[in-house]
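Model, not experiment: these values are computed from the prediction. In the text below, chain A, chain B and the rest are named by the order of the sequence lines, each starting its count at 1.
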Protein chains: 2
Amino acid sequence: MIRVLLADDQALVRGALAALLDLERDIEVVAQVGRGDEVVATVRHTSPDVCLLDIEMPGLDGIAVAAALREAGLPTRSLMVTTFGRPGYLRRAMDAGASGFVVKDTPADELAEAVRRVHAGLRVVDPTLATESLIGGPNPLTDRERDVLREALDGATVQRIAGRLYLSPGTVRNYLSSAIGKTGADTRVEAARAAEENGWL
Amino acid sequence: MIRVLLADDQALVRGALAALLDLERDIEVVAQVGRGDEVVATVRHTSPDVCLLDIEMPGLDGIAVAAALREAGLPTRSLMVTTFGRPGYLRRAMDAGASGFVVKDTPADELAEAVRRVHAGLRVVDPTLATESLIGGPNPLTDRERDVLREALDGATVQRIAGRLYLSPGTVRNYLSSAIGKTGADTRVEAARAAEENGWL
DNA sequence: TGGTGCCGGTGACAGGTGTCACCGGTGCGT
DNA sequence: ACGCACCGGTGACACCTGTCACCGGCACCA
């Protein structure tokens, strides 16, 4: 029996995935959590073989959870199951020690197989995404550029960004300008969106 | 047996929901589609009692699908199952003739019950959302204001918006200014985000 | 030891943005 | 016939943005 932990913030999806996996004779869902920051403790209690981790979660995102699991030296493997197939996500997930990366667009009957492969110690990666990730190259943004872009995502003014980051408005504009150049965008919001699309934030 | 059609663009979620509902003795998933514009034709072929419709779908969004089903006079009920609990979504879904509205945050074991209630001719509405929808009041934006806000969502410049909408830049700025005032925002992107949050777009 | 890259900042400049006042036209209710 | 709201537009104004040049400082590496 492969023991599985499910982490997804949408209860309905979580329950549905549990129903799907419980249909398999060799898979058993031993725990479900709705927040990233509850995963490590739950893993200690239930010692699952594989953790299915959504990336978008409150508390702690799935990539950080994968890193925390490896950090803690727990003998469980991470399989990312996420809505957004962003190249940067894949790269960061792999860097964080995840064993697999599956998009929620994949056919339902492939999930169980992915779980088995991960459990067997293999790596499972969405092939489309893998090539995109290679073509896209690494994240070209500096830390500060990412900071200002994150704040710019919802359309904040330079003043507000400067205030939140404790920076001079001029400095913020410089980082924004640089980020706009690197992303090939025309405005800071476009740059922020582009960066988000690529999983650079 | 309650015959159910599933419409969701994420194959994994679709399959998982099917697994979940098929566990119920009185429910049968008779069709699954991944695009909104395939629903009506599939309903004609499979004549389900209840359609589970995601709102965010390619081709045709779930609300438009519900409207199309009613328009076509088909004897099937619509139950919206969506990620985002935006007050405006609920209102528009009900106006479009949906019989129920469930958020993907609800516990998995309540879904089957919601399907049964809808099948029995009852209305199923997330109570939290219902009050929010009443408090929030109706959509204050005019059609044109919504148009410019939609274009402004990704950070486009006034020129680009004007070009896409075949309007004068000055007119676009007037609509944007008006929308910014109505939403209480400081920039057009903030206004667009706020409007999106409320389901006004 | 100098080169390179990132951080933080300043100043200046062209052009974009948000606001306001105001115009004519249309449709709708009273 | 009138008010009213929405559409589409113009012109003007203050202010914000995006770009560029340039500064000092720090860390790292050859």
Pair B:R160 + B:E151: basic N to acidic O under 4.0 Å:
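Not counted as a salt bridge, because no side-chain N and carboxylate O are separated by less than 4.0 Å.
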NZ/NE/NH1/NH2 to OD/OE distance under 4.0 Å, A:R14 and A:D9
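Salt bridge absent between A:R14 and A:D9.
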Rounded to whole Å, how long is the line connecting atom [atom1] of [X] with atom [atom2] of [N]?
X      : N      : atom1 : atom2 : result
A:R173 : D:dT19 : CZ    : P     : 11 Å
B:D143 : C:dG27 : CG    : C1'   : 14 Å
A:L141 : C:dG5  : CG    : C1'   : 15 Å
A:E145 : C:dC6  : CD    : P     : 8 Å

Residues 82-97 of chain A, side-chain donor-acceptor partners within the protein, below 3.5 Å, at least two apart:
from	atom 1	to	atom 2	distance (Å)
A:T82	OG1	A:E56	OE1	3.3
A:T82	OG1	A:F84	N	3.4
A:R86	NE	A:E196	O	3.3
A:R86	NH1	A:Y89	OH	3.1
A:R92	NH1	A:G199	O	2.7

Side-chain N,O (B:T142) to OP1/OP2 (D:dC7) below 4.0 Å:
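For D:dC7, OP1/OP2 do have a side-chain N/O of B:T142 under 4.0 Å.
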Is a side-chain donor or acceptor of B:T183 paired with a backbone partner of B:A179 at a separation under 3.5 angstrom?
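A pair under 3.5 Å: yes.
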Sidechain-backbone polar pair: B:K104 side chain, A:L12 backbone, donor-acceptor under 3.5 Å:
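Side chain of B:K104 to backbone of A:L12, a donor-acceptor pair under 3.5 Å: no, none is there.
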Within residues 157-169 of chain B, which residues have any heavy atom lying less than 4.0 Å from an atom of DNA chain D?
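Those residues are B:L167, B:S168.
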Between residues 188-201 of chain B and DNA chain D, which residues have a heavy-atom gap below 4.0 Å?
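By residue number: none to list.
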Is there a donor on the side chain of A:N174 or the base of C:dT10 sitting less than 3.5 Å from an acceptor on the other?
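For A:N174, whose side chain was compared with the base of C:dT10, there is a donor-acceptor pair (under 3.5 Å).
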Would you indicate which nucleotide in C:dG8, D:dT19, C:dG18 comes nearest to any side-chain atom of A:Y175?
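Among the listed nucleotides, the one closest to the side chain of A:Y175 is C:dG8.
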What distance separates B:L201 CG from B:L153 CG, expressed to the nearest 0.5 Å?
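The CG atom of B:L201 sits 5.5 Å away from the CG atom of B:L153.
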Using a 4.0 Å heavy-atom cut-off across all strands, classify A:R144 as base, sugar-phosphate, or nothing.
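Sugar-phosphate, no base atom in range.
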What nucleic acid atoms does A:T171 come within less than 4.0 Å of, heavy atoms only: base, sugar-phosphate, or nothing?
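Here A:T171 touches the bases of the nucleic acid.
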Nearest-nucleotide 5' precedence on DNA chain D, A:A185 against B:V172:
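Final value for this comparison: B:V172.
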Considering only heavy atoms from C-beta outward, does the side chain of A:I180 approach that of A:T187 to under 4.5 Å?
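No. Closest side-chain heavy atoms not under 4.5 Å.
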Grab the two heavy atoms, one from B:A108 and one from A:A11, that are nearest each other, plus how far apart they are.
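Distance-wise, the nearest heavy atoms are CB-O, 4.1 Å.
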Heavy-atom closest pair, residues B:R77 and B:S99:
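That would be CB-OG, 3.7 Å.
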Between A:G170 and B:D186, just flag the one whose closest nucleotide in DNA chain C comes earlier from the 5' side.
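The 5'-side residue here is A:G170.
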